[in-house]
Amino acid sequence: MSPYNLKEKELELLSQIKTARELHGFSQRGLCAIVNMQQPSLVKIEKGLISPQVNTLLKILEPLGLTITITEIDKSNK
């Protein structure tokens, strides 16, 4: 996977997290209070300015009722 494609996938994931946060009615500050993190950090994560560690992602996803699953890449489309 090229670095560009990797960043594109990361931004897609972060966009989905932001959408889920908004659908659940959480403000950034509200979600941060639940997961015990600083709101400026979540801003940077959602904007793709920093890449969160896996444990941070899991911590953010849990109150949203989400998790990370590893799946095999479908290579039949190539």
Side-chain angles (χ1 to χ4, degrees):
M1 186 175 291
S2 71
Y4 176 77
N5 198 14
L6 184 60
K7 188 62 177 179
E8 187 178 289
K9 292 286 187 185
E10 181 181 356
L11 291 175
E12 180 182 324
L13 172 67
L14 298 176
S15 175
Q16 290 175 356
I17 290 170
K18 179 180 178 181
T19 299
R21 175 182 61 75
E22 292 170 341
L23 286 173
H24 280 78
F26 288 114
S27 65
Q28 288 176 334
R29 188 166 284 132
L31 181 58
C32 287
I34 293 169
V35 299
N36 193 28
M37 72 183 296
Q38 299 294 314
Q39 192 248 353
S41 296
L42 183 58
V43 170
K44 291 176 185 174
I45 289 169
E46 286 187 352
K47 289 184 176 185
L49 301 175
I50 59 174
S51 296
Q53 294 184 1
V54 173
N55 62 337
T56 302
L57 275 176
L58 291 171
K59 186 167 73 167
I60 292 168
L61 291 171
E62 185 176 356
L64 303 176
L66 302 171
T67 191
I68 297 171
T69 302
I70 297 174
T71 58
E72 190 171 340
I73 296 171
D74 180 8
K75 296 182 182 183
S76 64
N77 293 334
K78 292 189 175 194

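All residue numbers in this chain count up from 1 along the given sequence. Bear in mind the structure is a predicted one, so any value in this text is a computation, not a measurement. The analysis underlying the following values was restricted to heavy atoms, covering all of them including side chains, and did not include hydrogens, waters or symmetry mates.
Counting heavy atoms of neighbouring residues, nucleotides and ligands inside a 6.0 Å radius, atom NZ of Lys7 exceeds 12 of them. Under a cut-off of 6.0 angstrom, the local environment of CD in Glu22 is crowded, with over 12 non-hydrogen atoms contributed by other residues, nucleotides or ligands.
When the side chain to side chain contact (heavy atoms under 4.5 Å, CB included) test is applied to Ile17, the partners found at least two apart in sequence or on another chain are Leu13, Leu14, Leu57, Ile60, Leu61, Leu64. Under the rule for a side chain to side chain contact (heavy atoms under 4.5 Å, CB included), the partners of Thr19 that lie at least two apart in sequence or sit in another chain are Ser15, Leu23. Shown here are the side chain to side chain contact (heavy atoms under 4.5 Å, CB included) partners of Thr67, two or more places apart in sequence or in another chain: Leu58, Thr69.
Note: Ile34 CD1 to His24 NE2 = 10.5 Å, rounded to the nearest 0.5 Å. Distance check: Asn5 CG to Glu12 CD gives 9.5 Å after rounding to the nearest 0.5 Å.
Put simply, Val35 and Ile68 are part of the same group of oily side chains (I, L, V, M, F, W, Y) that touch within less than 4.5 Å, one to the next. When the side chains of ILVMFWY residues are joined at heavy-atom separations under 4.5 Å, either directly or via intervening members, Val54 and Leu42 end up in a single hydrophobic cluster.
Sorted by first then second residue, the salt bridge (Lys or Arg N to Asp or Glu O under 4.0 Å) pairs that include residues 37-46, not counting sequence neighbours, are Arg21-Glu46. Within the structure, side-chain hydrogen bond (donor to acceptor under 3.5 Å, both in side chains) pairs that include any residue of residues 48-60 comprise Glu10-Ser51 (at least two apart or interchain). Sorted by first and then second residue, the pairs that involve residues 30-41 and meet side-chain hydrogen bond (donor to acceptor under 3.5 Å, both in side chains), not counting sequence neighbours, are Gln28-Gln39.
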